[in-house]
Every structure is written in C-alpha cells, then in structure tokens.
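Note sheet for the following structure.
Please read these numbers as outputs of a predicted model, since none were measured by experiment.
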Amino acid sequence: MKFPSWRSIFVAILWMHYLCKLCIAVDFDFFYFVQQISDLISSLEKNWATLSCPSNDGLRFWGHEWEKHGTCSESELDQHDYFEAGLKLKKKANLLHALQTAGISPNDDFYSLEDIRDAVKQGVGHAPGIDCNFDPSGNSQLLEIYLCVDTSGADIIECPILHTGRCKSSVQFAKF
C-alpha cells in the first residue's frame, strides 16, 4: 500500500477544532461543498491528503472534516475559507520542521513524549495536545498533534483545555 509523503499528513494533524468535539452540519449538500472548494482541490490533495484505505477519496474525507469540525466555525468561515485557513495554518505551523529541528523525524524511532511536546511548543509557540495509537505490539505511535486556533482561523492560540491523548512516555514516529 502506498501512502502520501509524510509531509502531507501534517495538515490532517492540524485540525481547526474551535474548541468543540463534534459539530453537526444541517442539510449538508455534498455537491455544493465540492463547488465551494474546487479551486483548492489540488492544494488539498497535496497538503491534506486522506490516509484512508482503500478509497483515498479526498472529497469524501474533506466533506467529513467539514461536517465534523468545520461546521463549528460556520459563523466565521464558510467551507472555502475553512479549508484555505487550514492550508495556511499548515504552512505557518510547519510541525514537521519544528520536530526535525529538535531531531525528531518519521523514521520508526522512539522519542520521549515530552521531547515531542517541547519541540512543537518551541517551533509553534504554544503547547500542543498529542494523541497516539498503538501498534499490534502495544507500542505508542504518534497519531495526531492538536493545536488551538482563534475563531478567525488565522492564528494559533494557547488551548484553554489541552487535549490529552493515549500516549505512553515513549512514542514511535512511524515512517511512511
């Protein structure tokens, strides 16, 4: 199975949660949604790829992201602005650069959870929430890095409540 480059997963990590866990879209119109983001599709394919197997259907994935997370921002950002802001935030945060500057790379090595947290805080200026999944051997693997964003979608802010994930003290950063 071929995954997108590891550089592309970081937009998936940088969701604009707007301090909510689940938002419900009322009367979601998928075709309208596609029209709204049509000029962003090539950037989204490159920078916000779905890692879902087997479909890799970006449009369905982005529709899900809008329904689950984007609708929380609907009073400030429409669909186009939400995804455009996400792409800009990915570039601004540059999480991979922050991690690599601290010597943390997607190479299957294990790193201290605290080192990962400190690297992101140093690079971005705010403490992240970090979540992990577990491989069949029970090893903790880096899954998501959470950052909070202001309601305009332009600036990363300190999270009033920091997401705490299921990570052990030693976390594997898997290569793709």
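The distance from the CG atom of L99 to the CG atom of D115 is 10.5 Å, given to the nearest 0.5 Å. In this structure, S112 OG and I104 CD1 are separated by 7.5 Å, a value rounded to the nearest 0.5 Å. Separating the CD atom in E158 from the NZ atom in K121 is a distance of 6.0 Å, to the nearest 0.5 Å. For the atom pair H126 NE2 and I156 CD1, the distance stands at 7.0 Å (nearest 0.5 Å). The structure places CD1 of I116 at 11.5 Å from CG of L95, a figure rounded to the nearest 0.5 Å. Taking CG from N94 and CG from L89, the interatomic distance works out to 12.0 Å, rounded to the nearest 0.5 Å.
You'll find the side chain of E45 reaches within 4.5 Å of the side chain of I41, heavy atoms only. D109 places none of its side-chain heavy atoms less than 4.5 Å from the side chain of F173. Residues P106 and Q100 form a side-chain contact, since some pair of their non-hydrogen atoms from C-beta on lies under 4.5 Å apart. For the pair L87 and E84, the minimum side-chain heavy-atom distance is 4.5 Å or more. You'll find the side chain of R166 reaches within 4.5 Å of the side chain of L143, heavy atoms only. Proximity of R117 to I130: side-chain heavy atoms (C-beta onward) are separated by under 4.5 Å at one or more points. For the pair L147/V124, a side-chain contact is recorded, criterion being any heavy-atom separation below 4.5 Å from C-beta on. The shortest distance between side-chain heavy atoms of Y146 and C159 does not fall below 4.5 Å.
Here the shortest heavy-atom pairing between I145 and L142 reads CG1-CD1, 4.1 Å. Considering every non-hydrogen atom in both S140 and S170, the closest pair reads CB-O, 3.5 Å. For the residue pair D131 and G165, the shortest heavy atom distance occurs at OD1-CA, 3.4 Å. Residues P160 and C148 share a closest heavy-atom pair of CD-SG, 4.4 Å. In this structure, G129 and L162 approach most closely via the heavy-atom pair N-CD1, 3.7 Å.
Q141 places no side-chain N or O within donor-acceptor distance of the main-chain N or O of C132, the cut-off being under 3.5 Å. Put simply, the side chain of K92 gets close to the backbone of A154: a donor and an acceptor are under 3.5 Å apart.
The closest side-chain donor-acceptor pair between N107 and S105, if any, does not fall under 3.5 angstrom.
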- Would you check, one step at a time, whether the test side chain to side chain donor-acceptor pair (under 3.5 Å) holds for H80 with Q36? CA-CA 6 Å; H80 184 275; Q36 295 303 303; over 6 Å; no

- Message: Pair D150, S152 - check side chain to side chain donor-acceptor pair (under 3.5 Å), show working.
- Response: CA-CA 5 Å; D150 70 358; S152 74; 2.9 Å; yes

- Query: Checking side-chain contact (heavy atoms from CB on, under 4.5 Å) for the pair L40/F83: CA distance, chi angles, key distance, verdict?
  - Reply: CA-CA 8 Å; L40 298 174; F83 286 100; 4.0 Å; yes

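More than 12 heavy atoms of other shown residues, nucleotides or ligands fall within 6.0 angstrom of atom NZ in K168.
A perpendicular orientation is assigned to the rings of Y82 and W66, their planes being inclined by more than 60° (bins at 30° and 60°).
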